[in-house]
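Only this structure's heavy atoms are used, side chains among them; waters, hydrogens and symmetry mates stay out.
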Amino acid sequence: MAVVLPVYETFSYSVPAHLSDQARPGMRVLVPFGRRTVTGYLIGPDRQTDSREIKQILDVLDDSPLFPETMIPFFQWIASYYMHPPGLVVNTALPAGLNMTDIAVLTIDENGIQALASSSTGPVEKSILAALSEGPASIKQLQKKIGRPVPWALIHRMRQRKWLLLDRRIEGGRIRPKTIRMVALEKSENFSRRLSRQRRAICDILKAEGDLSVPALKKRIPTAATLVRGMQKAGQVAVYEKTISRDPFGDPIEPDTTPRLTGEQTRAVRQMAPLLGRGFKTVLLAGVTGSGKTEVYLRLTRAAISKKMQVLVLVPEIGLISQTERRFRARFGERVAVLHSGLSRGERYDQWLRIVKEEAAIAIGARSCIFAPFTDVGLIIVDEEHDSSYKQETGLRYNARDLAVVRGRHHKALVILGSATPSVQSWHNVTIGKYDLATLSKRINRQPLPEIRTVDLSLSRDERGIQRYITPQLQKEIRNTLDEGNQALIFLNRRGFSAFPICAHCGQALRCKNCDISLTLHKKANAFRCHYCGFTKAATSACPSCGSEDIKLLGMGTEKVQEAMVQLFPDARVARMDRDTMNRKGAIVRLLKDLKHRRIDILVGTQMVAKGHDFPGITLVGVVCADLTLNFPDFRSGERTFQLLAQVAGRAGRGEHPGKVVLQTFNPDHFTIGAAKNQDFKKFFDQEISFRKALAYPPFSRMVAVRISGKDPQKTAEMAGKIGTNGRRMLANAGPGGSRVKLMGPIEAPLARIANRHRWQLLISSPDVAGLHRLVHELMQGPNSVATGRDIRVSVDVDPFFLM
DNA sequence: AGCACGCCGACT
DNA sequence: GTCGGCGTGCTC
């Protein structure tokens, strides 16, 4: 049994006789744990280590398992690989809002009121009593009310003096199946006697149409609710509760007709379909933007369900239902369950139940859909496998793309990873023969890929701030596009962080000589610094490649670009799409509608616009400054830039008019820019992989990032230092076996402060996964591990994505 | 996490 | 001498 607490062990409990035929793996139980009562998950028997007394389960919380037993090894693998408590792993997988915990509730007691009035009562006690005199409160509520932490010792003293009472209340678990009241005709003769006209009408409706819900009856006869109650008493009808699924599907989706496949698509399907049911296999489906990957997924899914297999489809998170989801539902209708962030908690729970009960055979959704509770998955599809939204960045920091492969192996399933711009990792796996490769090299409508032109920003000498970045070439193209009545997309990945240094003369970014990573300016230290190894260079340094002292700090955002657009094109309707403008519910849908109906001429946006949406009216894509992502202090910045540019370029010319892309950059000769310009993934990969190999970055090693954060800058730095020295000592003691493990840092994180918390990170890497794992495990949980104080958080990120 | 225990400095 | 703060450890 695994408790829903940050505890790494599992525990044994006995099942009392009256619950013994109910309790089964996959169910939740209520158990006494220490002095408390908490929820746990039955994940099979565990070895009991010592002779301690075994406690009894208090209750079984489910009638049927929430997940199949076959998923338990998967959960255990995750707990071990990501070094996360098993109970919290299961908790991350399950729909939110199910769990129960007991919490302490304080009430003012008989002596409390006098103590509140007495002058000898301490100030903290008084404020607690004052807060409680307004009514009972939990410890957390109390803390909020009086604005300071409440020590337990104090509560105990106050309890002993009978100033307050401590109760335990079980909270949570409020998500339940939704039920509806159904009305059925009684078979007895009770209603054969005379009936009122209204009652007669209800009987007739029920006789003709079978059982109906109360709301449905109300639509026919407005007073049905009262009538039914009377008829129930008279024994003419019976009322029962029926569980129903909350409807997460807004507009109904029309069934589609199956299109003809192109030759390439047919070949891809013929290559992959025979692999179904033949054991575990991973295939990378590399298909250019618009090449019809989705149709291939649909055919493979059809093949899988005709073999009675269950299918899992993962799509990137885009904040609303994706095009792919829509097409799966159009093709397979009722057999599809969806799991994405747009669902309410209740809807999500109902979709989950549909999968557990095997009412659905296909589950489609974002990242967390990898946990869909199928018993035996036969096919797993990961669309846009390179997408960073598959990586969860809080709590259990899993990568759903990687877990797809792991789950595929557990179920002996076929795993398809699809992308127009595959990750370096996946392509590497193809080159070493771990994955098969299937390709789609042409767009289905024979539309050519857009023509991409680069514009050298270092030749743009205008110094009037942002306007320097809207070059005459870009302006001219926008003007032409507007004059032709088409739409333009202006892309800038602003989610910028601190500005980074770049030579205004030759376009070289200032990089670390050890890590080939962009340096970051530290104003306080008046120096550029590497965030991997700590290498430092004076802030007054000249450009190492051309000697120019004209070092610019790049930093600007979409908001400024939008302003510039309004100024330059006063006749155009300009809109912006980024996290700042799109956080309100329904904002994206409204914007996409406006775009579709040509109520927007120029759309300025961040990478949000590069994802998944189909914009048929857009013929021009302008990339304001490709260098922003290229020079992040992160070894994957080149990979991300290539993917982003290729994806955003793929937005142009999806309709009947061919597309054009203007790509502005300080580095027109950089191989990443060159490869993106020619949409040449292989050329990019060949360069990138040699660079990764030389510096022993993934995929030639595995990485673990240990992140340390806290409010107090001094203490946080100290803790980071302590963990670092601890790790180095362990490495020294490990002998030759541990020598392949490399430890970098600790160093202040590129984003040195988020939400007032100071951040440090420690990077640990090794080509030997097991050795790396052993060291990190020992460092975090071993006997010499540094105890994590309460105000300093230490988190482990296995296979980190963003090293920021 | 949530709770208890036990060790220390600063007060009656 | 106790009170009350905080670091350390445990939960079948």
Side-chain angles (χ1 to χ4, degrees), chain A residues 1-16 19 23 28-60 79 84-92 96 99-106 119-128 137-144 146 148-161 163-164 166-172 394-396 710-712 715-716 718-719 722 726 780-795:
Chain A
M1 206 260 347
V3 286
V4 191
L5 288 175
V7 171
Y8 289 85
E9 308 97 291
T10 52
F11 297 88
S12 298
Y13 283 85
S14 64
V15 183
L19 294 172
R28 291 170 307 146
V29 288
L30 206 59
V31 293
F33 192 69
R35 269 152 272 263
R36 300 189 299 147
T37 302
V38 295
T39 307
Y41 301 108
L42 295 177
I43 56 167
D46 26 44
R47 284 171 282 124
Q48 197 205 347
T49 43
D50 50 46
S51 54
R52 188 186 285 280
E53 175 212 3
I54 293 187
K55 292 185 183 173
Q56 278 194 341
I57 284 170
L58 299 173
D59 201 1
V60 177
H84 205 70
L88 298 188
V89 168
V90 178
N91 206 40
T92 313
N99 287 325
M100 304 184 172
T101 357
D102 69 341
I103 52 162
V105 178
L106 305 172
S119 57
S120 58
T121 309
V124 184
E125 284 92 332
K126 251 192 181 160
S127 63
I128 292 174
S138 71
I139 299 203
K140 265 198 186 142
Q141 289 168 333
L142 200 61
Q143 261 178 36
K144 216 171 168 187
I146 67 168
R148 79 189 283 294
V150 185
W152 273 98
L154 199 70
I155 290 173
H156 281 299
R157 271 198 309 281
M158 291 173 78
R159 205 150 77 114
Q160 270 162 18
R161 293 180 199 148
W163 287 4
L164 49 81
L166 192 144
D167 256 337
R168 290 195 165 277
R169 194 175 67 212
I170 290 183
E171 280 226 329
T394 53
L396 172 60
K711 289 226 156 103
D712 184 324
K715 279 186 190 159
T716 313
E718 263 168 42
M719 173 66 83
K722 242 196 254 173
N726 227 4
M780 300 312 296
Q781 290 165 48
N784 299 318
S785 63
V786 181
T788 64
R790 289 296 186 258
D791 43 352
I792 293 177
R793 284 202 283 262
V794 180
S795 72

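Judged by distance alone, with hydrogens and angles left aside, the side-chain atoms of A:Y13 form a donor-acceptor pair with the main-chain N or O of A:P32 at under 3.5 Å.
Side chain of A:F11, nearest nucleotide from B:dC3, B:dA1, C:dC12: C:dC12. Of the listed nucleotides (B:dG2, C:dC12, C:dG4), C:dG4 has the atom at the smallest distance from the side chain of A:E125. Out of B:dC3, C:dC12, B:dA1, the shortest distance to the side chain of A:Y13 is found at C:dC12. The side chain of A:S12 has C:dC12 as its nearest neighbour among C:dC12, C:dG4, B:dG2.
A:L30 places a side-chain heavy atom less than 4.5 Å from the side chain of A:T39. The closest side-chain heavy-atom distance from A:I139 to A:I155 is below 4.5 Å. At a threshold of 4.5 Å between non-hydrogen side-chain atoms, the residues A:K55 and A:V31 do not count as touching.
Protein atom CG of A:L106 is 14 Å distant from nucleotide atom C1' of B:dG2, rounded to whole Å. The separation between A:F33 atom CZ and B:dA4 atom C1' is 14 Å, rounded to whole Å. For the pair A:D712 CG and C:dC6 P, the computed distance is 13 Å after rounding to whole Å. The nearest whole Å value for the distance from the NZ atom in A:K140 to the P atom in B:dC3 is 10 Å. For A:R161 and C:dG4, the CZ to C1' distance is 12 Å, given to the nearest whole Å. Atom pair A:Y8:OH and C:dG9:C1' shows a separation of 15 Å (rounding to whole Å applied).
The shortest distance between the side-chain N/O atoms of A:R157 and the OP1/OP2 oxygens of C:dG4 is below 4.0 Å.
Judged by distance alone with a 3.5 Å cut-off, no donor-acceptor contact links the side chain of A:R35 to the base of B:dA4.
Across the interface with DNA chain C, nearest-nucleotide mapping of A:L154 and A:K715 shows A:L154 to be the residue nearer the 5′ end.
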